[in-house]
Amino acid sequence: MKVDVVVIGGGVNGTGIAHDAAGRGLKVLLCEQADLASATSSKSSKLIHGGLRYLEHFEFSLVRKALAEREILLKNAPHIMWPLTFCLPYQAHLRPVWMIWLGLFLYDHLTTRRKLPASRKVHFDATSPLESTIKVGFEYADGWVDDARLVILNACAARSRGASIYTHTRCIQAQRLDDYWCLTLRHQDSGDVFTVHSKAVVNATGPWVSQLFSEAFAQPSPQAIRLVKGSHIVVPRLHLQPQAYILQNEDQRIVFAIPYEDHFTLIGTTDVEYQGDPAAASISAAETAYLLAVINHYFKQKITEADIVHSFAGVRPLLEDASSSAQSVTRDYKILLDSPDDTLPLLSVFGGKITTYRTLAESVVDQLAPFFPQQGPRWTAASALPGGDFTDQAALKQHLLQHYPWLAPSFCQRLVRTYGTLSFHILAEAQTETDLGQHFFADLWQAEVDYLRSVEWARCAEDILWRRTKLGLQATPEQVQALTDYLQHHPHPTAT
């Protein structure tokens, strides 16, 4: 097989790069050693944000870039992203008022705001879910994102423009020959090996970026990275108000408490130095205690470990900048080009955050331009992701209910917030719920499961319940087993 570019890594950066490059007319192959978004890109705090706390570390350029991207992403993917109000309770002994006001002023004015309101001071009354001793705070706006679906939709968009997407396929060797790269790829399940020839390679493997140099490229990594684990817990919803909370802690870190999947609150994150396999990261007892303590300090509703319905941990590959603490390590990214004799480029991505994935991808493909003079111009800023060709969720819900009046409102909302206009492809000609085939639990039906297998590369129950959807929060072990049995005993065409 011959292509222009091989992208290694199926996280948000890898799929974003594949999407951008394919849209500029390059022939692209992406390989991912596991499922798409199976590592860092599905383990985030689910935010599209500038990073208010990064201003304390003087990362003005990163925040400005992220805030500008926030506006673009909210426009291009209104099904999986939407504005979210954040409330910052004021604690006089942690940060002075002038510092918070200055940070919020910069946050409001570092770039042009089109969709989001300005920050403001707020007063808490008896209806507040916060402890009664907390009287004032500040509000500002940022964005929410379904991180894993952002990855899946970029992969779908790349495929629609001609890219080949190989999941569960590991790059085991990459070497320059006379006038092309020769990459050896191995299917993780069968063990079958095949080769691909390309003119360029992009290493976008996230926390594996340095490891890939020694294992596949047989050379040292040109940039040190620092692996930092961030862990989250999910509990039953702490309050019924729509805003999220950003909570200051004594150690100068912040913890988010975010409304999650209607019935839950997502709490995180931690910053812990990490060694070992990034795929094996899990929350520790100390991290759990830390998050519980922060929540119980601020909220009237007290929680214990018994309230935790789910937890997850992801490893962020941050640029090594000699910072003394994990929380102060830069969240910016670096793209390094290796091209002896100005041929056969290898581009490697170090660091980064979800909010800046699109502009990172754009920069990577820009750097490929000298090697592919036929490639087209930048284009992704004005292009909606699959299913995002609408402007208002409420209007799309009404449109969907007009076609399918039998849809339960909660099911309709989940479809819109997961698939946008692609919901029509799943529901197709169904006249009743029973037309959707086998019912698994909640509002998960065979039609959606089959769609996820044939279109979105889903292979197992975990892929469906935690990355394509978040229905794992509602599933019992027996229901997970029933879905697993269906997947094993009903062969279905898989996405390619």
Side-chain angles (χ1 to χ4, degrees), residues 12 15-16 19 36-37 41-42 44-49 69-85 114-116 141-161 242 244 258-264 266 354-355 357-358 380-404 407-428 442-445 447-449 451-452 455-458 463-471 473 495:
V12 72
T15 56
H19 179 206
L36 297 170
S41 293
S42 61
S44 76
S45 297
K46 326 295 183 192
L47 300 179
I48 291 293
H49 66 141
E69 279 301 295
R70 183 185 65 182
E71 295 284 331
I72 293 172
L73 298 180
L74 287 170
K75 174 174 63 73
N76 288 345
H79 46 336
I80 62 165
M81 305 188 199
W82 52 86
L84 184 62
T85 298
R114 295 181 179 87
K115 290 183 172 289
L116 303 177
D142 253 323
W144 157 268
V145 64
D146 186 327
D147 51 6
R149 289 213 58 76
L150 180 63
V151 177
I152 303 300
L153 294 179
N154 269 280
C156 288
R159 180 185 54 200
S160 73
R161 294 178 179 271
I258 305 167
Y260 188 55
E261 296 298 306
D262 296 326
H263 305 296
F264 303 93
L266 175 65
I354 282 181
T355 309
Y357 92 89
R358 191 204 63 83
T380 56
S383 179
L385 287 173
D389 50 340
F390 69 98
T391 55
D392 180 72
Q393 284 192 7
L396 181 56
K397 287 177 198 172
Q398 287 302 115
H399 187 43
L400 205 60
L401 286 170
Q402 287 172 4
H403 281 74
Y404 307 99
L407 271 180
S410 59
F411 187 15
C412 183
Q413 173 166 299
R414 185 177 71 80
L415 289 173
V416 167
R417 288 189 171 186
T418 307
Y419 306 104
T421 56
L422 295 173
S423 302
F424 291 96
H425 292 265
I426 295 171
L427 299 173
D443 53 25
L444 182 64
W445 295 78
E448 183 176 359
V449 170
Y451 173 87
L452 294 174
V455 176
E456 295 194 358
W457 299 276
D463 297 348
I464 291 169
L465 299 179
W466 292 109
R467 286 183 284 277
R468 284 20 173 224
T469 74
K470 300 295 181 289
L471 290 171
L473 290 168

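Reckoned from all heavy atoms, side chains included, excluding hydrogens, waters and symmetry mates. Position 1 is the first residue of the sequence, and the numbers go up from there. Because the structure is a prediction, the values reported are computed rather than measured.
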Listed partners of Arg149 passing salt bridge (Lys or Arg N to Asp or Glu O under 4.0 Å), at least two apart: Glu456

Under the salt bridge (Lys or Arg N to Asp or Glu O under 4.0 Å) test, which residues partner Lys470, sequence neighbours left out? Asp146

Partner set under side-chain hydrogen bond (donor to acceptor under 3.5 Å, both in side chains) for Arg468, not counting sequence neighbours: Asp35

In chain order, what residues pass the side-chain hydrogen bond (donor to acceptor under 3.5 Å, both in side chains) check against Ser45, with sequence neighbours excluded? His232

List the residues meeting ring-ring contact (aromatic ring centres under 6.0 Å, His included) with Phe264, not counting sequence neighbours, and say none if there are none. none

List the residues meeting side-chain hydrogen bond (donor to acceptor under 3.5 Å, both in side chains) with Glu448, not counting sequence neighbours, and say none if there are none. Arg414, Tyr419

Heavy-atom closest pair, residues Leu84 and Ile258: CD2-CG2, 3.8 Å

Between CZ of Phe411 and CG of Leu427, what distance do you get to the nearest 0.5 Å? 6.0 Å

State, to 0.1 Å, how close Gly388 and Pro78 come at their nearest heavy-atom pair, and which atoms those are. O-CD, 3.5 Å

Residues forming a salt bridge (Lys or Arg N to Asp or Glu O under 4.0 Å) with Arg417, sequence neighbours excluded: none

Between the side chain of Ser42 and the main-chain N/O of Arg467, is any donor-acceptor distance below 3.5 Å? no

Taking all non-hydrogen atoms of both residues into account, name the closest pair between Gly420 and Leu396 and its distance. C-CD2, 3.6 Å

side-chain hydrogen bond (donor to acceptor under 3.5 Å, both in side chains): pairs with one or both residues in residues 380-391, sequence neighbours excluded: Arg358-Thr380, Asp389-Thr421

Main-chain N/O of Leu415 paired to Thr418 side chain as donor or acceptor, under 3.5 Å: no

Considering only residues two or more places apart or on different chains, which pairs with a residue in residues 70-83 satisfy side-chain hydrogen bond (donor to acceptor under 3.5 Å, both in side chains)? Arg70-Asp142

Closest heavy-atom contact between Val12 and Ile354? CG1-CG1, 4.1 Å

Under the rule for ring-ring contact (aromatic ring centres under 6.0 Å, His included), what residues qualify as partners of His425, not counting sequence neighbours? none

Please report the shortest heavy-atom distance between Val416 and Ser423, naming the atom on each side. N-OG, 3.9 Å

Quick check for you: to the nearest 0.5 Å, what is the distance between Thr469 atom OG1 and Glu261 atom CD? 8.0 Å

Looking at Thr355 and Leu47, what are the two nearest heavy atoms and their distance? OG1-O, 3.7 Å

Non-neighbouring partners of Ser44 that pass side-chain hydrogen bond (donor to acceptor under 3.5 Å, both in side chains), sequence neighbours left out: Asp147

Can you name the ring-ring contact (aromatic ring centres under 6.0 Å, His included) partners of His403, sequence neighbours left out? His399, Phe424

